[in-house]
Amino acid sequence: MLDLLLLFMISVSIIQISRYAFSNRASLPPFGRRLDLYVTDGIAKMPLADVAAGSCRLVVVTSYSCPAGKAQAHSWAVAAARMPAEAIDPSGWTVLWLAVENVPDTVGYFGTAFHWPVYYSVVNHQLNNAGWLTAFPSQLVLDGDGNLIQLREGGRMPQRAHFAQDCTLLDTDTR
């Protein structure tokens, strides 16, 4: 009986911690739903959920005005230059970057040798104006259907072993 009571108390604590983690946001992230956001690669306009549909997706969201995001983009580019392609792109996953601005990168934010595709928002700042994205860079994890599975603040590049086949990122320090 004591074990059952202890298990109940731990479960309640975990739920409270999970709610607290998102309490400083204007609204909760739409977990389990497709994101209603149109993006472009400069050629075609499409829903974010349809970019690389069928594969798990890691979307690193940044803003051109964010120095931390620029530093992470540079860090990713340097790391990619040192690794073979199969070490960078995990099987079953697509990694892409998304700028919240509705203009292409004209200031060299990503550099010329950036390995990953870069998209930008069709509607200026639509994603961060939704109220649930509070920091740049942030990482969105989408499943094969384009549903939001995880939201992680920070932009550190996950290692290949962190990408799970169930479209989740295993715990990593993303700061």
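Fair warning: this is a prediction, and the values are worked out from it, not measured in the lab. Note: hydrogens, waters and symmetry copies are ignored here, and every other heavy atom, side chains too, is used.
The minimum heavy-atom distance between L35 and P30, with the atom names listed, is CD2-CG, 3.5 Å. Pairing each heavy atom of S91 with each of R160, the nearest pair is N-NH2, 4.0 Å. What you find for A68 and P137 is that their closest heavy atoms are C-CD, 4.0 Å.
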Let me have the donor-acceptor pairs involving side chains of residues 46-53, under 3.5 Å, with sequence neighbours excluded, atom names and distances please.
residue: D50; atom: OD1; partner: R34; partner atom: NH1; Å: 3.4
residue: D50; atom: OD1; partner: R34; partner atom: NH2; Å: 3.0

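Looking at C56 and F163, their side chains never come closer than 4.5 Å, going by heavy atoms from C-beta outward. Under the 4.5 Å side-chain criterion, counting only non-hydrogen atoms from C-beta, L127 is in contact with L98. For the pair V60/W76, a side-chain contact is recorded, criterion being any heavy-atom separation below 4.5 Å from C-beta on. In this structure the side chain of E101 never reaches within 4.5 angstrom of the side chain of S121, judged on heavy atoms. Inter-residue side-chain proximity for V59 and L142 is flagged as met; some heavy-atom pair is nearer than 4.5 Å. Side-chain contact check for L28 versus W132: every heavy-atom pair is 4.5 Å or farther apart. Between P117 and D41 the shortest side-chain heavy-atom distance does not fall below 4.5 Å.
The stretch residues 43-65 participates, sequence neighbours left out, in these ring-ring contact (aromatic ring centres under 6.0 Å, His included) pairs: Y64-Y109. Applying the salt bridge (charged side-chain N to carboxylate O under 4.0 Å, His left out) definition to pairs two or more places apart or across chains, none involves residues 115-143.
Looking at D105, its side chain does come within 3.5 Å of a backbone N or O of F110 through a donor-acceptor pair. Side-chain atoms of Q139 come within 3.5 Å of backbone atoms of R156 as a donor-acceptor pair (strictly under, hydrogens ignored). In this structure a side-chain-to-backbone donor-acceptor pair under 3.5 Å is present from W93 to A164. Judged by distance alone, with hydrogens and angles left aside, the side-chain atoms of N124 form a donor-acceptor pair with the main-chain N or O of N102 at under 3.5 Å.
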**Item:** side chain to side chain contact (heavy atoms under 4.5 Å, CB included) between V61 and V100, worked out
**Value:** CA-CA 7 Å; V61 182; V100 294; 3.6 Å; yes
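Once rounded to the nearest 0.5 Å, the distance linking CG of L170 with CG of D166 reads 7.5 Å. Note that CD of Q150 is 10.0 Å distant from SG of C167, once rounded to the nearest 0.5 Å. For the atom pair CZ (R57) and OG1 (T94), the distance works out to 7.0 Å, reported to the nearest 0.5 Å. The OG1 atom of T168 lies 9.0 Å from the CZ atom of R152; values are rounded to the nearest 0.5 Å.
Side-chain atoms of T62 and Q72 include no donor-acceptor pair closer than 3.5 Å.
L140 and V122 are not part of a single hydrophobic cluster, where members link through side-chain heavy atoms under 4.5 Å apart. Taking hydrophobic clusters as Ile, Leu, Val, Met, Phe, Trp and Tyr residues chained together by side-chain heavy-atom distances below 4.5 Å, M83 does not share a cluster with V78. Cluster membership for F31 and L37, using ILVMFWY side-chain heavy atoms within less than 4.5 angstrom, is shared. Grouping the Ile, Leu, Val, Met, Phe, Trp and Tyr side chains by contacts below 4.5 angstrom, directly or via other members, places L96 with L133. Hydrophobic clustering (ILVMFWY, side-chain heavy atoms < 4.5 Å, transitive): L169 and W116 are in one cluster.
Within the 6.0 Å centre-distance limit, the rings of F114 and W97 are counted as a close aromatic pair.
More than 12 heavy-atom neighbours from other residues, nucleotides or ligands sit within 6.0 angstrom of NE2 on H125. Other residues, nucleotides and ligands place no more than 12 heavy atoms under 6.0 Å from the CG atom of D36.
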